[in-house]
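The structure under discussion appears below in the form of structure tokens.
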Amino acid sequence: MRPVRPAFVPDPDASREVMESLQREVAAAATWTDDFDFATESVGAVDRSLSAPDADPPLVAGVDQAFPEDRAVSVVVVTRGDTVVERAHAITDLAIPYVPGLLAFREGDPILAAFSELAADPDLVVFDGSGRIHYRQAGLATHIGVTLDLPSVGVAKGLLCGTPDEAVDGRPEGWRAPIRADADVENAKPGTAIGHAFQSRQYDSSRRINPLYVSPGHRVGVGTATDLVERLCDGYKLPEPTRRADAYADELKREHDGNARE
DNA sequence: GCGACAG
DNA sequence: ATCTTGTCGC
């Protein structure tokens with residue numbers, strides 16, 4: 001496995017104060033400018049032949065979890081272009097309940113356990129949850145991205161904090177608007193863009209779909225994070241790596257549930 | 001006290 | 001996140 005930075009490993013037994021101060025350290029260690037060696041255009045889309053003829057597409061990992069009973073099923077699915085290269089998972093006991101703002105302390109260790117089973121070294125990791133859109137700018141995607149020192153992005157289905165530039169309802173596919181820091185976001189000048197609301201999918205008629213909330217995890221800029229996610233969505237609401245991880249986690253969860261009722 | 005709050 | 005069937009629409 002890839003080296004972990006021990007100073008940032010989320011300890012589920014820590015007190016709330018210690019958790020929050022670790023998050024401040026994580027935010028200080030995080031970088032929100034592009035720092036990766038692949039081309040943004042080489043990520044995602046089925047037809048990349050025109051934009052990147054000879055480049056090998058980067059390894060993109062999707063991370064997701066399912067929670068059978070009091071345990072966590074954490075999975076990492078690594079894709080190169082359209083091909084799944086590797087899947088890894090870990091099943092662990094859950095130590096602490098979900099607390100908004102402290103998600104990485106509930107899910108971080110279980111996710112790192114899944115990464116410890118992974119042989120591949122991803123170029124980018126897509127997380128289910130916020131990155132920089134966080135009270136201390138250290139959401140799950142940032143925390144684990146920094147811990148593994150990998151470029152990462154956070155994709156959330158709901159907004160944790162911050163203020164959208166405009167109303168987000170009923171926007172057309174492809175629309176995006178900055179999410180700006182407000183009084184709830186530490187160490188950011190109010191007005192600083194910390195992520196985007198992004199309409200990855202929208203129906204032409206009838207029912208409306210909510211936008212995604214995309215933010216940088218680590219080693220990715222705000223605009224690039226959304227560019228990458230846009231390329232990975234390819235007609236669906238969620239990015240391909242996330243959908244693959246979702247499916248694998250569900251599969252393992254059903255397996256787990258099946259074994260449990262016997 | 002009230003409201004808000006990723007998964 | 002999880003508990004869950006049908007149902008509307010392309």
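Convention: sequence-line order gives letters A, B, ...; per-chain numbering from 1.
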Reckon [X] touches a base, only the sugar-phosphate, or nothing at all at heavy-atom distances under 4.0 Å?
X: A:Gly154; result: nothing
X: A:Gly158; result: sugar-phosphate
X: A:Leu212; result: nothing
X: A:Ala66; result: sugar-phosphate
X: A:Ile133; result: nothing

- Is the aromatic ring centre of A:Tyr98 closer than 5.5 Å to the centre of the six-membered base ring of B:dG7, with the two planes inclined by less than 30°?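 Answer is yes, a stack.
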Rounded to whole Å, please give me the gap between [atom1] in [X] and [atom2] in [N].
X: A:Asp246; N: B:dG7; atom1: CG; atom2: P; answer: 11 Å
X: A:Asp184; N: B:dA4; atom1: CG; atom2: C1'; answer: 9 Å
X: A:Leu140; N: B:dA6; atom1: CG; atom2: P; answer: 13 Å
X: A:Leu238; N: B:dG7; atom1: CG; atom2: P; answer: 10 Å
X: A:Asp250; N: C:dT4; atom1: CG; atom2: P; answer: 15 Å
X: A:Lys253; N: C:dT4; atom1: NZ; atom2: P; answer: 10 Å
X: A:Tyr135; N: B:dG3; atom1: OH; atom2: C1'; answer: 11 Å
X: A:Ile179; N: B:dC5; atom1: CD1; atom2: P; answer: 12 Å

- Query: According to a strict under-4.0 Å criterion, is A:Lys157 in side-chain N/O contact with OP1 or OP2 of C:dA1?
  - Reply: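 So the side-chain polar atoms of A:Lys157 do come within 4.0 Å of the phosphate oxygens OP1 or OP2 of C:dA1, strictly under.
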Taking NZ, NE, NH1 and NH2 as the nitrogens, is one of them in [X] or [Y] under 4.0 Å from a carboxylate oxygen of the other?
X: A:Arg80; Y: A:Asp56; result: yes
X: A:Arg243; Y: A:Asp64; result: no
X: A:Arg180; Y: A:Asp165; result: yes

- Task: Evaluate the ring planes of A:Phe105 and A:His143, with Trp represented by its six-membered ring, and classify them as parallel (under 30°), tilted (30 to 60°) or perpendicular (over 60°).
- Result: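 The arrangement is perpendicular - the two ring planes meet at more than 60°.
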- What are the two closest heavy atoms between A:Thr40 and A:Arg231, and how far apart are they?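 Closest approach of A:Thr40 to A:Arg231, heavy atoms only: O-CD, 3.2 Å.
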- A:Ser215 versus A:Ser130, closest heavy-atom pair with distance: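 Smallest heavy-atom distance, with atoms named: OG-C, 3.9 Å.
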- Message: If I take atom CZ from residue A:Arg87 and atom OG1 from residue A:Thr79, how far apart are they, to the nearest 0.5 angstrom?
- Response: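 The CZ atom of A:Arg87 sits 10.5 Å away from the OG1 atom of A:Thr79.
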- Item | A:Glu186 CD to A:Arg24 CZ distance, which is reported to the nearest 0.5 Å |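 If we round to the nearest 0.5 Å, A:Glu186:CD and A:Arg24:CZ are 4.0 Å apart.
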If you restrict it to nitrogen or oxygen atoms, what contacts under 3.5 Å exist between nucleotides 7-10 of chain C and the protein, and what is each distance?
residue : atom : partner  : partner atom : Å
C:dC10  : OP1  : A:Ser205 : OG           : 3.2

- Query: Can you give the dot-bracket line for DNA chain B, using ( ) for pairs inside the strand, [ ] for pairs that cross earlier ones, | for pairs with another strand and . for unpaired bases, where Watson-Crick and G-U count if both distances are under 3.5 Å?
  - Reply: .......
- Message: Let's go through A:Arg5 and A:Asp149 carefully: what are the C-alpha distance in whole Å and the side-chain angles of both, what is the deciding distance for side-chain contact (heavy atoms from CB on, under 4.5 Å) to 0.1 Å, and is it a yes or a no?
- Response: CA-CA 8 Å; A:Arg5 301 163 86 176; A:Asp149 195 21; 3.7 Å; yes
- salt bridge (charged side-chain N to carboxylate O under 4.0 Å, His left out) partners for A:Asp227, two or more places apart: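 A:Asp227: salt bridge (charged side-chain N to carboxylate O under 4.0 Å, His left out) contacts with A:Arg176.
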